[in-house]
Amino acid sequence: MPSACDSLIDDIEDMVSASDPTPHERQSARKTIIPRARKRKEQLLSEELQADSVIPGTQKIWMKTWGCSHNNSDGEYMAGQLAASGYKMTENPSEADLWLLNSCTVKNPAEDHFRNSIKRAQEQQKKVVVAGCVPQAQPRMDYLKGLSIIGVQQIDRVVEVVDEAVKGHSVRLLGQKKDGGRRLGGARLDLPKIRKNPLIEIISINTGCLNACTYCKTKHARGDLASYPIDELVERARQSFQEGVCEIWLTSEDTGAYGRDIGTDLPTLLWRLVEEIPDGAMLRLGMTNPPYILEHLEEMAKILNHPRVYAFLHVPVQSASDSVLMDMKREYCIDDFRRVVDFLKERVPGITIATDIICGFPGETDEDFQETVELVRLYRFPSLFINQFYPRPGTPAAKMEQVPAHVKKQRTKELSQLFHSYNPYDHKIGERQHVLVTEESFDAQYYVAHNKFYEQVLVPKRPEFKGKMIEVDIYEAGKHFLKGRPVDDSKPFTPSIATPLQKGEVSGLTQRERDEEREREMEEWMVGSTIKRKKEKDSEISHQAKRFVTQQWHV
């Protein structure tokens with residue numbers, strides 16, 4: 001018989017046990033209570049401080065997210081709701097009271113990192129709440145036993161779950177959101193969030209997909225396709241620009257399938273969104289599988305040519321062998337993929353096509369792999385994600401006959417060598433381009449911008465460039481980047497219609513709520529400063545007392 005902590009419940013209220021005493025029974029029991037002796041004031045103060053430490057909403061929370069941009073968007077929403085309710089989000093895991101771990105189930109290494117983080121948190125006596133695709137797909141895994149879980153469609157209830165976890169309770173919310181029997185895309189889009197980058201808004205346009213790929217574990221977590229209505233997505237984009245965002249990413253497990261469950265399609269959504277994008281701001285499309293983009297190629301080419309849309313598309317091929325694609329249940333053949341790429345290259349000059357390849361899928365022969373090598377050699381993809389196959393537990397591919405580990409490694413190495421043998425950007429040197437500056441480089445030496453084709457352009461780190469569209473001359477090209485020199489007589493153009501939020505500031509709040517948030521932060525700072533000054537004063541008094549005693553002893 002499972003314990004109450006391990007059971008899957010839909011509401012916090014379900015935690016009340018039927019065996020709890022009634023109010024009448026509690027009142028009767030009071031007759032036998034013997035009053036306890038009063039405690040000293042110091043003891044009472046100590047107990048009050050201990051009680052305060054477990055009042056939900058006063059703790060520090062560290063959150064770690066693995067995986068795709070959809071998962072990152074979920075993480076931003078959870079952080080925003082927690083901050084709006086009073087919790088303090090911290091980037092220092094050691095000072096946090098609770099760790100919120102938002103997982104990815106695509107690859108074994110990602111789940112290994114997730115599992116190790118749980119173990120590390122428990123060793124440090126931290127409270128733990130887990131979220132994302134791993135616990136959604138396999139909530140009864142041994143290492144998740146006793147932990148609170150937030151389902152991928154329940155992120156709007158993160159505060160409830162964290163409140164209970166802080167108090168030592170285990171709560172699991174894993175249900176699906178439905179309206180009149182129809183599965184919804186997920187939590188509301190107008191929830192508070194803390195953007196990892198205040199200049200970039202990630203919008204999930206749908207969850208789940210229509211495929212049944214034999215290697216995919218994400219399907220177990222995200223389920224079948226469920227799309228958000230166009231009006232809600234347009235409103236979210238509009239709100240984002242009003243908060244200073246200058247770049248929007250659309251994301252989902254398959255953007256090309258958007259709308260098939262609600263009687264619309266991706267181009268219809270995109271034309272509505274383009275109307276909301278200010279001059280100088282940009283829209284980036286997310287990953288789309290080949291089957292569902294084929295019927296929209298004409299419209300997609302027009303949209304990708306739009307000046308406020310990046311000429312960039314991520315279309316995973318996974319393998320160039322039809323036999324392997326059939327075993328993967330990818331629902332297209334290699335000619336379909338080539339048709340997508342060739343059509344878009346012809347109609348959208350300079351377009352960047354990014355793709356994914358899995359090396360060593362079960363049953364892949366040397367001939368199958370060489371077909372993939374030839375595909376890469378033909379198209380020389382500038383952005384290529386090479387993945388060694390990992391059998392994910394519970395998937396059909398995990399039960400297939402596996403390719404030997406050393407063969408998978410060798411194929412991964414061979415394909416990686418081919419990818420690194422060509423430089424896709426050398427011909428760009430000398431070009432003059434408009435680029436949108438959105439972030440800082442990993443080494444903090446440059447700002448990172450992107451041109452119309454979403455190619456990474458490094459520019460000088462000048463504060464006036466951040467969040468602006470600037471004109472540069474390309475003077476250097478690397479494997480993954482270009483370097484641009486700002487044109488002397490060109491002025492930065494501000495695409496945003498509002499000042500961007502500060503890093504860590506909560507999105508989606510009214511001005512009144514934002515003012516209250518700042519007042520609370522100021523009060524916390526003042527309390528902290530008062531405590532610090534008191535400690536410094538006590539230390540100084542103690543030091544003076546010791547000096548006085550020493551002087552008296554010498555006398």
Side-chain angles (χ1 to χ4, degrees), residues 69-70 72-73 76-77 80 185-207 227-252 255-259 262-288 296 299-314 348 434-439 449-454 466-469 492-501 505-511 514:
S69 53
H70 192 165
N72 276 276
S73 177
E76 291 179 349
Y77 274 123
R188 296 192 340 261
L189 293 172
D190 60 351
L191 295 170
K193 70 154 53 176
I194 295 178
R195 298 185 182 95
K196 189 175 181 181
N197 184 338
L199 299 174
I200 298 175
E201 166 71 2
I202 306 172
I203 302 180
S204 304
I205 63 174
N206 56 265
T207 190
S227 305
Y228 285 99
I230 288 179
D231 288 343
E232 292 181 17
L233 294 166
V234 170
E235 181 56 36
R236 182 65 199 180
R238 188 180 295 129
Q239 178 193 330
S240 301
F241 290 124
Q242 290 170 350
E243 293 177 334
V245 162
C246 62
E247 186 170 290
I248 284 183
W249 297 357
L250 299 186
T251 184
S252 77
T255 57
Y258 170 80
I262 58 173
T264 186
D265 55 36
L266 181 62
T268 302
L269 168 66
L270 296 178
W271 285 124
R272 286 283 306 278
L273 286 172
V274 164
E275 296 173 5
E276 302 296 330
I277 304 173
D279 286 338
M282 297 296 288
L283 175 69
R284 191 193 84 170
L285 303 187
M287 185 273 287
T288 178
H296 302 308
E299 284 300 295
M300 291 304 299
K302 294 176 185 176
I303 290 164
L304 291 168
N305 274 312
H306 194 284
R308 296 193 291 276
V309 179
Y310 286 118
F312 167 89
L313 201 60
H314 179 194
V348 189
H434 284 92
V435 298
L436 181 58
V437 184
T438 55
E439 54 196 308
H450 291 93
N451 60 20
K452 164 66 177 172
F453 311 104
Y454 203 69
K466 195 76 175 285
K468 309 291 195 305
M469 184 77 77
F493 175 73
T494 305
S496 301
I497 60 177
T499 303
L501 301 180
E505 194 169 0
V506 180
S507 156
L509 298 182
T510 64
Q511 189 57 50
R514 207 177 302 286

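What you are looking at is a predicted structure, and each value in this text was computed from that prediction instead of being measured.
Between E439 and K466 there is no salt bridge, since no side-chain nitrogen of the basic residue lies less than 4.0 Å from a carboxylate oxygen of the acidic one. A salt bridge links D279 with R308; the closest basic N to acidic carboxylate O contact falls under 4.0 Å. Between R195 and E76 there is no salt bridge, since no side-chain N of the basic residue sits under 4.0 Å from a carboxylate O of the acidic one.
Although no hydrogens or angles enter the test, the distance criterion places a donor-acceptor pair under 3.5 Å between the side chain of E243 and the main chain of G508. Here the side chain of T288 pairs no donor or acceptor atom with the backbone of T255 at under 3.5 angstrom.
Looking at I248, L436, V309, N451 one by one, the single match for side-chain contact (heavy atoms from CB on, under 4.5 Å) with M282 turns out to be L436. Checked against L283 for a side-chain contact (heavy atoms from CB on, under 4.5 Å), the options I203, I303, L250 give a single hit: L250.
Side-chain contact between K452 and H434 is absent, with no heavy-atom pair separated by less than 4.5 Å. Considering only heavy atoms from C-beta on, R236 stays 4.5 Å or farther from Y228 through its side chain.
Checked against side chain to side chain donor-acceptor pair (under 3.5 Å), N206 has the following partners two or more places apart in sequence or in another chain: S252. With sequence neighbours excluded, no residue forms a ring-ring contact (aromatic ring centres under 6.0 Å, His included) with H296.
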Go through it in stages, so that I can follow the logic: the residues are T268 and D265, the test is side chain to side chain donor-acceptor pair (under 3.5 Å), and I'd like the CA-CA distance, side-chain angles, deciding distance and then a yes or no. CA-CA 6 Å; T268 302; D265 55 36; 2.6 Å; yes
What's the verdict on side chain to side chain contact (heavy atoms under 4.5 Å, CB included) for K193 and S73, showing C-alpha distance, side-chain angles and the deciding distance? CA-CA 9 Å; K193 70 154 53 176; S73 177; 3.7 Å; yes
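Separation of atoms OG (S240) and CD1 (I200) is listed at 12.0 Å; rounding is to 0.5 Å.
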